[in-house]
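Inspection log for the structure reproduced underneath, given as structure tokens.
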Amino acid sequence: MAEFSKEYADIVGDKFYDFSYSEIIVDLKEGYYIAEICEGLGTLGVEKANGIFYFITSAEGDLVEYSTFLNAFKLTHEEKKKHRKKHKRE
């Protein structure tokens with residue numbers, strides 16, 4: 001069964017979610033990670049390294065900075081919405 005984070009739900013305007021990454025990272029210690037998959041974001045978990053929070057994006061452990069990723073995902077989602085509206089009018 002798919003699970004979705006609050007962060008994803010907030011971006012896409014859904015009120016339903018299963019967990020919140022922001023609540024998970026509050027107590028995350030340096031050098032540790034927590035595996036929690038968000039189907040919507042395509043993330044596998046979160047990690048804290050060098051005082052920075054990262055999303056884990058692959059089974060190989062690829063990382064992307066947490067807030068930068070969320071911002072880019074939000075911008076992309078907004079662009080897709082504009083594109084869909086434009087094509088509905090045509």
Identify the heavy atoms of [X] and [Y] that sit nearest to each other, and give their distance.
{"X": "Ala2", "Y": "Glu39", "result": "CB-CG, 3.5 Å"}
{"X": "Glu3", "Y": "Asp18", "result": "CA-OD2, 3.1 Å"}
{"X": "Ala9", "Y": "Phe16", "result": "CB-O, 3.5 Å"}
{"X": "Ser20", "Y": "Lys6", "result": "CB-CB, 3.9 Å"}
{"X": "Lys74", "Y": "Ile11", "result": "CA-CG2, 3.8 Å"}

Any donor and acceptor pair, going by atom type alone, linking the side chain of [X] with main-chain N or O of [Y] inside 3.5 Å?
{"X": "Asn50", "Y": "Ile52", "value": "no"}
{"X": "Glu47", "Y": "Phe53", "value": "no"}
{"X": "Glu7", "Y": "Tyr21", "value": "yes"}

Checklist outcome for this item: Exactly one candidate in Ile34, Leu63, Ile37 meets side-chain contact (heavy atoms from CB on, under 4.5 Å) with Ile56; the answer is Leu63
Checklist entry - Would Glu79 and Lys82 count as a salt bridge (Lys or Arg N to Asp or Glu O under 4.0 Å) if you check the C-alpha gap in whole Å, the side-chain angles of each, and the deciding distance to 0.1 Å? => result CA-CA 5 Å; Glu79 286 299 315; Lys82 287 180 196 175; 3.5 Å; yes
Item to check | Pairing residues for Thr68 by the side-chain contact (heavy atoms from CB on, under 4.5 Å) criterion, not counting sequence neighbours | outcome: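 Listed in chain order: Glu65.
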In this structure, would [X] and [Y] fall into the same cluster of hydrophobic residues linked by side-chain contacts under 4.5 Å?
{"X": "Leu41", "Y": "Tyr33", "result": "no"}
{"X": "Val64", "Y": "Tyr8", "result": "yes"}
{"X": "Val46", "Y": "Leu44", "result": "no"}

Next on the checklist: Just checking Phe4: does its CZ atom have more than 12 heavy atoms from other residues, nucleotides or ligands closer to it than 6.0 angstrom?
Outcome noted: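 More than 12 within 6.0 Å, yes.
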Next on the checklist: If you count every heavy atom of other residues, nucleotides or ligands that lies below 6.0 Å from Tyr17 atom OH, does the total exceed 12?
Outcome noted: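 No - once you tally the heavy atoms of other residues, nucleotides and ligands closer than 6.0 Å, there are 12 at most.
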Next on the checklist: Before you tell me yes or no, could you show the steps for Thr43 and Phe69 under side chain to side chain contact (heavy atoms under 4.5 Å, CB included), namely the whole-Å CA-CA distance, both residues' side-chain angles and the distance that decides it to 0.1 Å?
Outcome noted: CA-CA 10 Å; Thr43 52; Phe69 180 87; 3.9 Å; yes
Next on the checklist: Less than 4.5 Å apart, side chain to side chain, heavy atoms only: is that true for Tyr66 and Tyr54?
Outcome noted: no
Checklist entry - Which value, rounded to the nearest 0.5 Å, describes the distance between Lys48 atom NZ and Asp27 atom CG? => result 10.0 Å
Checklist entry - Can you tell me how far CG of Leu70 sits from OG of Ser5, rounded to the nearest 0.5 angstrom? => result 7.5 Å
Checklist entry - Can you list the residues that meet the side chain to side chain donor-acceptor pair (under 3.5 Å) rule with Thr57, with sequence neighbours excluded? => result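 For Thr57, no residue satisfies side chain to side chain donor-acceptor pair (under 3.5 Å) once neighbours in sequence are set aside.
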